[in-house]
Protein chains: 2
Amino acid sequence: MIDLNGILERYRPTEKQNAELIGAADEVISGAEKKIKELGLDASAILVGSVAKGTNLASGDLDIFIVFSKEYSNREMEKFGLQIGHELIPDGREKYAEHPYVSGYLHGRKIDIVPCFRISPNTKIISSVDRTPLHTEYVLNNLDERGRDQVRLLKLFMKATGVYGSEVRTAGFSGYVCELLVIHYGSMMEVLMAFSRSKGQFSIGFDAADTSGFTAPVVITDPTDLKRNAAAAISLENLSRMKICSKLFLQDPHERFFAVDRTYEPTEYRGRGLASRVFSLERPDIIDDILYSQANRFRNIIVQILDEDGFMPISSEVELSDRIEVFVECKTGKLPGTRVHTGPPVDAANALDFVRKWSEKKLDTGPYVCGNRLCVDVPVRDRDLDLTVRERLNGFIIGKNIDNLKKDMEISDPSQDGRKYLVIGKFYSRSLP
Amino acid sequence: MIDLNGILERYRPTEKQNAELIGAADEVISGAEKKIKELGLDASAILVGSVAKGTNLASGDLDIFIVFSKEYSNREMEKFGLQIGHELIPDGREKYAEHPYVSGYLHGRKIDIVPCFRISPNTKIISSVDRTPLHTEYVLNNLDERGRDQVRLLKLFMKATGVYGSEVRTAGFSGYVCELLVIHYGSMMEVLMAFSRSKGQFSIGFDAADTSGFTAPVVITDPTDLKRNAAAAISLENLSRMKICSKLFLQDPHERFFAVDRTYEPTEYRGRGLASRVFSLERPDIIDDILYSQANRFRNIIVQILDEDGFMPISSEVELSDRIEVFVECKTGKLPGTRVHTGPPVDAANALDFVRKWSEKKLDTGPYVCGNRLCVDVPVRDRDLDLTVRERLNGFIIGKNIDNLKKDMEISDPSQDGRKYLVIGKFYSRSLP
């Protein structure tokens, strides 16, 4: 039998580590409370996130929220929040989620200081960040020591199988969703059994909340706001992966399902007779969620172009290193010099112009009629994958942060230098454990 | 201005030719009447078709119908009909439309002798052949000398532009449809103007008949049976071709639109950088309409296979010579050695079996998850167009007359020997005049 306790020992923070974490958090919180008093604000500083909830792994970061009275305007809240953050983390950087916040390092430990409004359960909120303190309170009230360890095991399983993380990039299971799953089912094993048995949409209605109105792949109503789906960010692919990995583990429990140290690294690309390319762009300095969503759109547009133009893409992946990297594999990298050009319907006012224009060119065949439209076979220069993407990309708007970088796009064949690209490592990590 | 009279003179039968045709018809009809009397039948022989209606071109054949009383059974009608046919055309062959009939040559002139039942206008008929005598009568009553010449011009235009002919193979405009068009519009030029101006479905409701229930591209209610669409066989492509050719002619009237001698002949195939093939089969000895419909299905199945398997077909054509010939052009004739194999949904009972089976094979990547399904990239031998069609064709049923010929299918590259294949000539004939 697999030694779950042994795994837990390896990744759970020791008492000493936890004492240090709490000490560091207390230090920041007292500093923040002092600043609040100085500024005469109706606000308080609290520890949230996995450390506050006791579900953190040894590698945990600190999340400290400055909770403001709803009397303040959005602008005041953000202004005072950033001011306090900057004073507490001298070399912190401003980042942006739903509100701007300050992120940086203190004594080598990552700390975020985030402003938000104070709200009560099931009330209309101003931003979803404001709900975070309620989550902390709910988890503390509903998980005991044993349950918290079960959450740690579930997080390890999800990290190792590649479905953990709530960012746009990962579209996976968040820490809070892991906590709700253990609160509902009692243990990691029960959670895996539930996933292994489920078919189609996976849903849990906390406090008998109605889940029927939600269409997301996973629905877990938030017990602090029963109209909200706490699992809305999870993709169908990650739900599917969680189901099949649960089945695989239950059938043959093995430590590899907890090997969170398994990261993808620069890897050789093993050519498979396909036309493969890495398209890469300079990485603009914007927050990750926006960057990832634009990078993903960049990938989707490249795949769309290759598909429409007949290069038959069969795989693609996107990753961020110091550049935006998009990897594609196509069945062919060259297409022949004849293309069917579909003209107007014969009923259209410009039908005769089309016939006249193309008849003058004295082509081998055509113009001719297909269905109700005019067509002609146009000789074109033999088409090449790289040129096609470069030319057609100009016709697409990807996003303001990427569009002006397109002209410097680099294209390379990973069969030559696959190790240079993080996206190749990520591509191979899609295999099931 | 174009000399329509000159064109007419060239193709209209002379008085002498017509006298000979009528003489030949009379000879056959008296022979038939004599047989009818000998056998004591309630039947009569009549001349139908374009000669009877006075709309024939110089090359006209003779169609003689033996019209039986409805007192007879189908079987009796057919038996006596064939008996009379064989006696009048000693070396005639039996063919089959809706009833069997005898077809052959007398004094070098092609003659069909077809049995049918006697019916009145707008009555329920037993077979559509039975309506032919009514068509003859209607046209004789509604077209004068000038109108008959207009029909001849319209037929010449339609032959030259490739839209004439009511067989399954051509799916074009029949002689009767040409006659109805001239009766309705008054002249060939008026007919062309109507087509050049029309958009979408082309419809004429004779005697104010309701055309709204018909969905065919062309609807012309039959004045001898207002519930029937006399133009039901015309394809969308032929309607479109008629529209655009009418526009082209009216804009720039030229004799080439009446060049019925323009036939397609063995032609060199001018390669266009595409992977091109002629697939050919022995020609079974069955009637043309059935043969063409099976040959067409053979062509459609080949195109479907090539499309599904990623060879990207862009053109195809089918023709009958002493063999069935199917021509295709594809963007590629070879595909690389990796194929995405889509497995069961992760929810399926056999999902784990799929993962186990493919994990054992130690592939470069996978199994992985796409959406809600398991996938794996399978190495396959490089795929070749010819082999793919040969292998997959066995999985299709084309028709009983063709299926046992598939095993002897020949495949060749028309870039090498295009002149051997009639289908290459037909392919080039699709260009607009």
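When each of A:R373, A:Q251, A:R197, A:R339 is scored by its heavy-atom pairs under 4.5 Å with chain B, the top score falls to A:Q251. Note: B:D377 leads B:D377, B:D252, B:I314, B:V355 in heavy-atom pairs under 4.5 Å with chain A. The candidate from A:S315, A:C370, A:C375, A:S235 with the greatest count of non-hydrogen atom pairs under 4.5 Å with chain B is A:C370. Across A:R356, A:M312, A:R270, A:K334, the residue that shares the most heavy-atom pairs under 4.5 angstrom with chain B is A:R270. Listed options A:G200, A:S240, A:S196 were ranked by heavy-atom pairs under 4.5 angstrom with chain B; first place goes to A:S240. Listed options B:I244, B:V340, B:L239 were ranked by heavy-atom pairs under 4.5 angstrom with chain A; first place goes to B:I244.
Only the side chain of B:L374 has a heavy atom closer than 4.5 Å to any heavy atom of chain A. Contacts between B:A275 and chain A at a heavy-atom distance below 4.5 Å are absent for every atom of the residue. Residue contact with chain A, scored on non-hydrogen atoms closer than 4.5 Å, involves the side chain of B:K243 exclusively. If you measure heavy-atom distances from B:L335 to chain A, the contacts under 4.5 Å come from the side chain alone.
You'll find the side chain of A:C330 stays beyond 4.5 Å of the side chain of A:L274, heavy atoms only. Between A:V303 and A:L306, every side-chain heavy-atom pair lies at or beyond the 4.5 Å cut-off.
Among pairs with a residue in residues 326-352 of chain A, those fulfilling ring-ring contact (aromatic ring centres under 6.0 Å, His included) read A:Y269-A:F327, A:F327-A:F427, A:H341-A:F354, A:H341-A:W358, at least two apart in sequence or across chains.
In terms of the salt bridge (Lys or Arg N to Asp or Glu O under 4.0 Å) criterion, B:E325 has no residue partners (sequence neighbours excluded).
Between the side chain of A:N238 and the main chain of A:A171, a donor-acceptor pair closer than 3.5 Å is present. At least one donor-acceptor pair under 3.5 Å links the side chain of B:E237 to the backbone N or O of A:G371.
Ring centroids of A:Y164 and A:F173 are separated by 6.0 Å or more, keeping the two rings apart.
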